[in-house]
Amino acid sequence: MANRRYNIPSLSSLVAFEAVARLQGFARAAEELNTSQPAISRHIRNLEIRYGVEFFDRDKNPIALTSKGSQFYAGVVQGFDALQNAVQDLKQVDNRVTLVCSHSVSHLLLMPRFGYLRNALGNEAELRVMTAEYNLVQAAVDSGGDIVFEYSATAPDTEHVVVCEEKVKPVGTPEMVRRAVSALSGECEAPPLLRLQKENYGWLDWIDWWDAHPEYADWPICGEFDSYVYMLEAAASGQGLGLGWLSFIDPYLARGDLVEMPVDWHSTSTKVYARLTRFGQRNPMAQKCLLLLKGSQLAD
């Protein structure tokens with residue numbers, strides 16, 4: 001790695017080439033770069049001699065890239081963009097915090113509190129949320145996330161906080177909940193139940209609820225969804241009862257879109273944790289953000 005060398009033109013030549021190609025003219029490139037047209041022409045000619053190709057069709061007005069020139073221009077722009085991003089990262093790395101989580105955590109837990117987190121961190125902080133399917137969250141962490149949200153019955157080994165505990169109960173529109181209460185008394189048919197159809201990676205399901213509340217066991221499953229957010233939206237539109245997770249359903253309860261069944265929460269030892277990654281452990285802003293994610297503060 002120490003012996004690696006790059007056989008590429010000078011940066012000034014590449015900058016001149018990019019400007020001529022983008023502006024379609026040597027004079028316009030010279031004006032933008034605050035130099036002379038002959039200087040720009042020398043840069044371009046030296047590149048063409050070095051590689052034995054012509055980058056521009058000078059007979060056209062305005063000048064146009066040749067096929068080789070177009071190919072080279074695409075690579076130069078890609079390289080400049082990568083370099084610009086690297087420079088931007090150097091400027092922001094100390095103030096940036098990247099949170100990695102599933103779409104449901106992002107939409108239901110973080111977004112309603114995003115303003116609180118931003119204000120508490122200060123205007124100088126850049127707060128980003130990176131979402132992934134739950135089984136792909138770790139791969140997203142490896143790309144540079146500072147804090148990751150995990151669902152587990154055991155606490156992480158690294159520095160962490162508890163965001164919320166697993167507590168569930170049926171929820172639905174006021175009308176659907178009234179129907180469910182009447183059904184428990186034998187006064188009407190049971191309402192339809194809504195569930196997630198994809199693998200839930202250990203999250204509670206209606207089967208778990210039925211084990212604790214066998215009086216619901218013969219209620220029909222009438223809708224399945226591949227997203228918890230979609231399932232809650234279906235419940236809020238009156239399509240059936242869904243299982244509501246404490247903290248996840250707060251926005252729906254606050255708006256009155258959903259109400260709880262008048263029963264106790266069913267709880268387990270499982271919790272949603274936010275933990276520092278190896279990147280977050282070196283980021284003071286991420287450590288500050290971690291404390292703000294603690295469940296009692298998110299509820300404020």
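- Ring planes of Trp245 and Tyr228: perpendicular class, angle over 60° (limits at 30 and 60°).
- Within the 4.5 Å cutoff, no side-chain heavy atoms of Phe72 are placed close to those of Val77.
- When the side chains of ILVMFWY residues are joined at heavy-atom separations under 4.5 Å, either directly or via intervening members, Val171 and Ile207 end up in a single hydrophobic cluster.
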| field | Pair Glu215-Leu184, side-chain contact (heavy atoms from CB on, under 4.5 Å): steps then yes or no | value | CA-CA 7 Å; Glu215 63 272 24; Leu184 289 173; 3.7 Å; yes

| said: Show, in sequence, the C-alpha distance, side-chain angles and deciding distance for Arg113 and Asp250, and conclude whether the side-chain contact (heavy atoms from CB on, under 4.5 Å) test is met. | reply: CA-CA 11 Å; Arg113 286 92 172 177; Asp250 287 355; 3.0 Å; yes

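- Between Leu293 and Leu117, the shortest heavy-atom distance links the atoms CD2-CD1, 3.9 Å.
- Contact detail for Met176 and Gly238: the closest heavy-atom pair is CE-O, 3.1 Å.
- Annotation: cation-pi pair Arg255/Tyr252 present, NZ/CZ under 6.0 Å from the ring centroid and within 45° of its normal.
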| request: Just do the salt bridge (charged side-chain N to carboxylate O under 4.0 Å, His left out) check on Arg275 and Glu150 with the steps written out, would you? | output: CA-CA 8 Å; Arg275 69 167 177 87; Glu150 296 178 336; 2.9 Å; yes

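- For the residue pair Phe225 and Ala234, the shortest heavy atom distance occurs at CZ-CB, 3.4 Å.
- Nearest heavy-atom pair across Cys101 and Val105 is CB-CG1, 3.7 Å.
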| task | For side-chain contact (heavy atoms from CB on, under 4.5 Å), just list the numbers for Met285 and Arg96, CA-CA rounded to whole Å, side-chain angles, deciding distance to a tenth of an Å, and then say yes or no. | result | CA-CA 7 Å; Met285 190 66 71; Arg96 175 185 294 169; over 6 Å; no

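- Between Val100 and Asp146, the closest side-chain pair of non-hydrogen atoms is not below 4.5 Å.
- Listed by first then second residue, pairs satisfying salt bridge (Lys or Arg N to Asp or Glu O under 4.0 Å) with a partner in residues 175-191 number zero, not counting sequence neighbours.
- Minimum interatomic distance between Leu33 and Val15 (heavy atoms only, all atoms of both residues): CD2-CG1, 3.7 Å.
- Side-chain atoms of Thr35 never come within 3.5 Å of backbone atoms of Ala30 as a donor-acceptor pair (strictly under, hydrogens ignored).
- Ser12 and Ser10 share a donor-acceptor pair across their side chains, judged by distance under 3.5 Å alone.
- With rounding to the nearest 0.5 Å, the separation of CG in Leu232 from CG in Leu194 is 9.5 Å.
- A distance-only check finds a donor-acceptor pair linking the side chain of Thr66 to the backbone of Glu54 [under 3.5 Å].
- No more than 12 heavy-atom neighbours from other residues, nucleotides or ligands sit within 6.0 angstrom of CG on Asp264.
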| field | side-chain contact (heavy atoms from CB on, under 4.5 Å) between Ser247 and Val163, worked out | value | CA-CA 9 Å; Ser247 297; Val163 178; over 6 Å; no

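- Side chains of Leu121 and Leu292 form a contact here, defined as non-hydrogen atoms less than 4.5 Å apart.
- Partners of Val263 according to the side chain to side chain contact (heavy atoms under 4.5 Å, CB included) rule, which considers only residues two or more places apart in sequence or in another chain, are Lys169, Pro170, Trp209, Tyr216, Met261.
- At a threshold of 4.5 Å between side-chain heavy atoms, the hydrophobic network of Ile, Leu, Val, Met, Phe, Trp and Tyr places Tyr230 and Leu241 in one connected group.
- Phe56 has its side chain within reach of Val20: a pair of non-hydrogen atoms, C-beta onward, lies under 4.5 Å apart.
- Side-chain contact check for Leu246 versus Val168: every heavy-atom pair is 4.5 Å or farther apart.
- Atom-to-atom distance recorded for Leu276:CG and Gln287:CD is 6.0 Å, nearest 0.5 angstrom.
- Distance OG/Ser102 to CZ/Phe149: 9.5 Å, rounded to 0.5 Å.
- Here CG of Asp205 is found 7.0 Å from CG of Leu243. Values are rounded to the nearest 0.5 Å.
- Using a 4.5 Å heavy-atom threshold, the side chains of Met111 and Ser106 count as touching.
- Nearest heavy atoms, Gly256 versus Pro174: O-CD, 4.5 Å.
- Atom-to-atom distance recorded for Ile40:CD1 and Arg42:CZ is 9.5 Å, nearest 0.5 angstrom.
- Thr268 and Glu166 share a side-chain donor-acceptor pair at under 3.5 Å.
- In terms of hydrophobic clustering, with Ile, Leu, Val, Met, Phe, Trp and Tyr side chains grouped at heavy-atom distances under 4.5 Å, Ile49 and Val53 are assigned to different clusters.
- In this structure, Asp157 places its CG atom where only 12 or fewer heavy-atom neighbours from other residues, nucleotides or ligands lie under 6.0 Å away.
- When the side chains of ILVMFWY residues are joined at heavy-atom separations under 4.5 Å, either directly or via intervening members, Leu253 and Leu108 end up in a single hydrophobic cluster.
- The aromatic ring centroids of Tyr273 and Tyr151 lie 6.0 Å or more from each other.
- A donor-acceptor pair under 3.5 Å is absent between the side-chain atoms of Asn119 and the main chain of Tyr116, judged by distance alone.
- One distance of note links CD of Glu31 with CG of Leu23; it measures 9.5 Å at 0.5 Å rounding.
- Distance alone, capped at 3.5 Å, places no donor-acceptor pair between the His43 side chain and the Ser41 backbone.
- Side-chain contact between Pro38 and Phe26 is absent, with no heavy atoms from C-beta onward closer than 4.5 Å.
- Arg28 is linked by a salt bridge (Lys or Arg N to Asp or Glu O under 4.0 Å) to nothing, counting only residues two or more places apart in sequence or in another chain.
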| request: Quick one: do Glu159 and Arg282 satisfy salt bridge (charged side-chain N to carboxylate O under 4.0 Å, His left out)? Show the steps, please. | output: CA-CA 12 Å; Glu159 187 175 355; Arg282 302 193 298 266; over 6 Å; no

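- At least one side-chain heavy atom of Phe80 sits under 4.5 Å from a side-chain heavy atom of Leu11.
- His103 and Thr131 form no side-chain donor-acceptor contact under 3.5 Å, judged by distance and modelled atom types alone.
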